[in-house]
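Just below is one structure, and these are the notes that go with it.
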Amino acid sequence: MLRYTIRRLVQLVGVVLVLSMLLFAWLRLLPGGPVSALLGERATPESREALTKQLGLDQPIFVQYFKFLGRAATGDFGVSTGVQPGDSALEIFLQRFPATIELSFFAILIAIAVGVPLGYLAAKRRGGWFDNLSVIGSLIGVAVPVFFLAYLLKDVASSALGLPSQGRQDAIDATRVTGFFTLDGLITGEIDATLNALEHLILPAIALATIPFAVIFRITRAAVLDVLDEDFVRTAESKGLTAPVIRRRHVLRNAMLPVVTTIGLQTGALLSGAVLTEKVFSFAGVGQALAIGFERRDYPVLLLLIIMATIVYVVVNLLVDLSYALIDPRIRTR
């Protein structure tokens, strides 16, 4: 297991290097650039040329890339030219990543809490009205665009339920410790600040959870249906084991491998940045920074955020692979 983990981490380094090269070249080929974003389209040729030299954009692209690697090795990923002008790209990531973690955590929590039990119950009632209704609901969850549902929740549910629809927290005097607003209030004893942050998470978390819920539900249902047809389940029933024991020891445990894989993939995707959801709800996370970065052609921020999103995605999937040994003891012997 240790050798496997080390090998995967070495592969991660290779993935990041290749991705950084491709991203660096691709971002430089995009129309416009940081010069146009900083000076505007009406800037004089002289001012554009001066700023291009100042930013080092007049040098060959491979020279720019190796200089970037040298600076990145010391933690210097450049300075933002659009998202938060003047702030370092690393500082922007560290400020915004806790927000994306909070939003993704509550979204995947909703998806798991609803999707797994619903998938199991639908499989147990295969072909019935509950099964058919659940399948239709999951199809709607996949088919409805996230941005449409986000705007619907923002404009309709927010007014009907009185829930906040913008930002991470109201303008209150709250102490910042970790950057996780829900956790900071618990640490400092400011429970009102935690409750306020939770209220701001409800609508964006529901909007973000719809697709993961639909995917987790369908995979759980299919996995449970496969396990229910296995001989060992019928043997357990014939031995007179109670339904809770069969469900816990035989059905769910054997059906969880594909479900865990799906949960890991969905979690990695959410942590990579919920661009549309954060944009609609003005949620100051990585996804919103990516959207602003593309609009304003902020090369340093875009490069760092996409690379970090890749690292997070690969690491989450590595953790999922390692968790297989806890779920299925047979894997430990391989």
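In this chain, residues are counted from 1 in sequence order. A quick note: this is a predicted structure, and the numbers were derived from the prediction, not measured.
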To the nearest 0.5 Å, what is the distance between [atom1] ([X]) and [atom2] ([Y])?
| X | Y | atom1 | atom2 | result |
| --- | --- | --- | --- | --- |
| E295 | I292 | CD | CD1 | 7.0 Å |
| F106 | I202 | CZ | CD1 | 9.5 Å |
| D298 | S80 | CG | OG | 3.5 Å |
| Q266 | F213 | CD | CZ | 12.5 Å |
| L153 | S165 | CG | OG | 10.5 Å |
| L103 | L208 | CG | CG | 5.0 Å |

If we only count heavy atoms from C-beta on, is the [X] to [Y] side-chain gap below 4.5 Å?
| X | Y | result |
| --- | --- | --- |
| E278 | P204 | no |
| P212 | V215 | no |
| P98 | F180 | yes |
| L139 | R218 | yes |
| V144 | T210 | no |
| F68 | L303 | yes |
| R126 | L225 | yes |
| L90 | L94 | yes |

Taking the side chain from [X] and the backbone from [Y], do they hold a donor-acceptor pair closer than 3.5 Å?
| X | Y | result |
| --- | --- | --- |
| S138 | V135 | yes |
| K154 | F281 | no |
| D184 | V177 | yes |
| Q84 | I92 | no |
| S158 | L163 | yes |
| S104 | I101 | no |
| E190 | T175 | yes |
| D76 | G78 | yes |
| T310 | I306 | yes |
| T100 | V286 | yes |

Pair D87-V79, side-chain contact (heavy atoms from CB on, under 4.5 Å): steps then yes or no:
CA-CA 6 Å; D87 291 347; V79 176; over 6 Å; no

Which pair of heavy atoms, one from [X] and one from [Y], lies closest together, and at what distance?
| X | Y | value |
| --- | --- | --- |
| A214 | G141 | CB-C, 4.3 Å |
| F283 | G167 | CD1-O, 3.7 Å |
| R96 | G285 | NH1-O, 3.2 Å |
| A157 | L203 | CB-CD2, 4.2 Å |
| I110 | A205 | CD1-CB, 4.0 Å |
| A111 | I216 | CB-CD1, 4.0 Å |

Can you list the residues that meet the side-chain contact (heavy atoms from CB on, under 4.5 Å) rule with I61, with sequence neighbours excluded?
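If we apply the side-chain contact (heavy atoms from CB on, under 4.5 Å) test to I61, skipping adjacent residues, the hits are F24, A25, R28.
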
With sequence neighbours left out, write down each residue that passes side-chain contact (heavy atoms from CB on, under 4.5 Å) with P258, or none if nothing qualifies.
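Counting only residues at least two positions away or on another chain, P258 forms a side-chain contact (heavy atoms from CB on, under 4.5 Å) with I219, A223.
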
For the hydrophobic clusters of this structure (ILVMFWY residues joined by side-chain heavy atoms under 4.5 Å, transitively), does one cluster hold both [X] and [Y]?
| X | Y | answer |
| --- | --- | --- |
| L69 | F77 | yes |
| L305 | M21 | yes |
| L22 | V15 | no |
| L276 | I140 | yes |
| L17 | I311 | yes |

Could you walk me through whether I112 and I263 pass the side-chain contact (heavy atoms from CB on, under 4.5 Å) test, one step at a time?
CA-CA 8 Å; I112 294 171; I263 291 172; 3.7 Å; yes

Going by salt bridge (Lys or Arg N to Asp or Glu O under 4.0 Å), name the pairs with one or both residues in residues 127-144, residues two or more places apart or in two chains.
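The answer is D131-R221.
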
Is F130 atom CZ crowded by more than 12 heavy atoms from other residues, nucleotides or ligands, each under 6.0 Å away?
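Yes, enclosed.
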
Think R176 forms a cation-pi with F181, using NZ or CZ under 6.0 Å from the six-ring centre and within 45 degrees of its axis?
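Checked: cation-pi criterion met.
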
Please say which of T182, N196, I206 ends up in a side chain to side chain contact (heavy atoms under 4.5 Å, CB included) with L201.
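Exactly one candidate clears the test, T182.
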
Name the orientation class of the two ring planes belonging to F147 and Y151 (parallel below 30°, tilted from 30 to 60°, perpendicular beyond 60°).
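If you compare the ring of F147 with that of Y151, the planes turn out perpendicular.
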
Stepwise, does the side-chain contact (heavy atoms from CB on, under 4.5 Å) test hold for R168 with E102?
CA-CA 10 Å; R168 296 181 63 192; E102 275 190 333; 2.8 Å; yes

